[in-house]
**Student:** 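There's a structure below that I have some questions on.
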Amino acid sequence: QVQLVESGGGLVQAGGSLRLSCAASGRTFSSYAMGWFRQTPGKEREFVAGISSGGISSNYADSVKGRFTISRNNAKNTLYLQMNSLKPEDTAVYYCAARLALTPVVPSEHYNYWGQGTQVTVSS
């Protein structure tokens, strides 16, 4: 069982930066590939970025590539998402998710555990 708690969301102007964190409970965090997803009202949850269980490999949605960076600290049971050059279209609730596997995947249904989400609002 893994419990996930996101933090770091907020209101920022376009072009600004935010760093999201996801604190995980349990002693097996390093066994899970992790992902960040986002969702806006009326739309499906969208994959943003994923990172392998050991932190060696990562992948990104085209819409955030070059602007967002996913990382993890397995010693601290924490996942991060550094978001730079934010745009109004990045506004969403951001969720972290854990998948009991070595590598992350895009489909959200392949993730076993989810956080409660943190709101990110980018003003123009």
Side-chain angles (χ1 to χ4, degrees):
Q1 187 90 13
V2 175
Q3 292 185 323
L4 305 172
V5 179
E6 302 96 336
S7 62
L11 174 64
V12 64
Q13 287 189 331
S17 298
L18 280 175
R19 188 194 196 201
L20 304 184
S21 298
C22 172
S25 65
R27 294 174 291 179
T28 59
F29 179 66
S30 59
S31 299
Y32 291 82
M34 299 296 295
W36 284 101
F37 290 78
R38 65 188 182 187
Q39 190 170 25
T40 54
K43 293 190 176 181
E44 291 189 357
R45 200 163 290 187
E46 172 191 26
F47 175 84
V48 174
I51 190 167
S52 61
S53 59
I56 301 301
S57 62
S58 58
N59 56 330
Y60 298 89
D62 287 343
S63 59
V64 307
K65 204 170 291 183
R67 300 188 297 122
F68 290 11
T69 303
I70 188 171
S71 62
R72 66 190 295 164
N73 185 327
N74 284 349
K76 294 184 177 181
N77 282 10
T78 305
L79 174 74
Y80 304 98
L81 184 68
Q82 179 66 44
M83 305 186 295
N84 298 329
S85 302
L86 282 161
K87 305 175 181 180
E89 52 263 43
D90 294 318
T91 295
V93 177
Y94 283 72
Y95 299 89
C96 64
R99 176 174 185 255
L100 187 57
L102 293 176
T103 56
V105 295
V106 172
S108 60
E109 57 265 30
H110 290 277
Y111 288 77
N112 307 99
Y113 303 102
W114 292 84
Q116 83 290 348
T118 186
Q119 176 71 47
V120 172
T121 303
V122 184
S123 63
S124 57

**Student:** Report yes or no: is the cationic atom of R45 (NZ for Lys, CZ for Arg) closer than 6.0 Å to the six-membered ring centre of Y111, at no more than 45° off its axis?
**Tutor:**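 No, a cation-pi geometry is absent between R45 and Y111.
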
**Student:** For residues V105 and L4: do they belong to one hydrophobic cluster (side chain heavy atoms under 4.5 Å, members Ile, Leu, Val, Met, Phe, Trp, Tyr)?
**Tutor:**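 No, because V105 and L4 fall into different hydrophobic clusters, even though each may have its own neighbours under 4.5 Å.
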
**Student:** Only one of M83, E6, Q119 passes side-chain contact (heavy atoms from CB on, under 4.5 Å) with Y94; say which it is.
**Tutor:**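 Between Y94 and the candidates, side-chain contact (heavy atoms from CB on, under 4.5 Å) is satisfied uniquely by M83.
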
**Student:** Do Y32 side-chain atoms and A97 backbone N/O form a donor-acceptor pair below 3.5 Å?
**Tutor:**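 Pair absent, no side-chain N/O of Y32 close to backbone of A97.
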
**Student:** Please name the pair of heavy atoms, one in G50 and one in P104, separated by the smallest distance, quoted to 0.1 Å.
**Tutor:**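 Minimum heavy-atom contact is C-CG, 3.6 Å.
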
**Student:** Can you name the nearest heavy-atom pair linking Y60 to I70, along with the distance?
**Tutor:**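 In this case the closest contact between Y60 and I70 is OH-N, 2.9 Å.
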
**Student:** Please check if atom NZ in K43 has more than 12 non-hydrogen atoms from other residues, nucleotides or ligands closer than 6.0 Å.
**Tutor:**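 Incorrect, the count does not exceed 12.
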
**Student:** Should V122 and L81 be counted in the same cluster of Ile, Leu, Val, Met, Phe, Trp and Tyr side chains packed under 4.5 Å apart?
**Tutor:**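 Same cluster: V122 reaches L81 through Ile, Leu, Val, Met, Phe, Trp or Tyr contacts under 4.5 Å.
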
**Student:** Is the shortest side-chain heavy-atom distance between L102 and S53 below 4.5 Å?
**Tutor:**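 In contact.
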
**Student:** Determine, using the 4.5 Å side-chain heavy-atom cutoff (strictly less than), whether V120 and M34 are members of one ILVMFWY cluster.
**Tutor:**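 Yes, V120 connects to M34 through the hydrophobic network.
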
**Student:** For Q39 and A92, which heavy atoms make the closest approach, and how far apart are they?
**Tutor:**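 Shortest heavy-atom contact: O-CB, 3.5 Å.
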
**Student:** Got a second to check how far N59's CG is from T103's OG1, nearest 0.5 Å?
**Tutor:**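 It is 8.5 Å, given to the nearest 0.5 Å.
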
**Student:** Hydrophobic clusters here meaning ILVMFWY residues chained together by side-chain heavy-atom distances under 4.5 Å, can you tell me if V5 and W114 are in one?
**Tutor:**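 Shared cluster, no.
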
**Student:** Might you work through the side-chain contact (heavy atoms from CB on, under 4.5 Å) test for N73 and Y80, ending with a clear yes or no?
**Tutor:** CA-CA 8 Å; N73 185 327; Y80 304 98; 4.1 Å; yes

**Student:** Which heavy atom of S71 sits nearest to which heavy atom of I51, and what is that distance?
**Tutor:**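 S71 and I51 have their closest heavy atoms at CA-CD1, 3.7 Å.
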
**Student:** Taking distance alone, no hydrogens or angles, what donor-acceptor pairs closer than 3.5 Å link side-chain atoms of residues 7-25 to residues at least two apart or in another chain?
**Tutor:**
| unit_1 | atom_1 | unit_2 | atom_2 | d |
| --- | --- | --- | --- | --- |
| S17 | OG | N84 | OD1 | 2.9 |
| S25 | OG | Q3 | N | 2.9 |

**Student:** Do the side chains of V93 and F47 join up, straight or via other hydrophobic residues, at under 4.5 Å, putting them in one cluster?
**Tutor:**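 Yes.
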
**Student:** Would you check, one step at a time, whether the test side-chain contact (heavy atoms from CB on, under 4.5 Å) holds for L79 with W36?
**Tutor:** CA-CA 9 Å; L79 174 74; W36 284 101; 3.4 Å; yes

**Student:** What pairs of residues pass the salt bridge (Lys or Arg N to Asp or Glu O under 4.0 Å) test when at least one of them lies in residues 89-112, not counting sequence neighbours?
**Tutor:**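 Those involving residues 89-112 are R38-D90, R67-D90.
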
**Student:** Before you tell me yes or no, could you show the steps for Y113 and Q1 under side-chain contact (heavy atoms from CB on, under 4.5 Å), namely the whole-Å CA-CA distance, both residues' side-chain angles and the distance that decides it to 0.1 Å?
**Tutor:** CA-CA 8 Å; Y113 303 102; Q1 187 90 13; 4.1 Å; yes

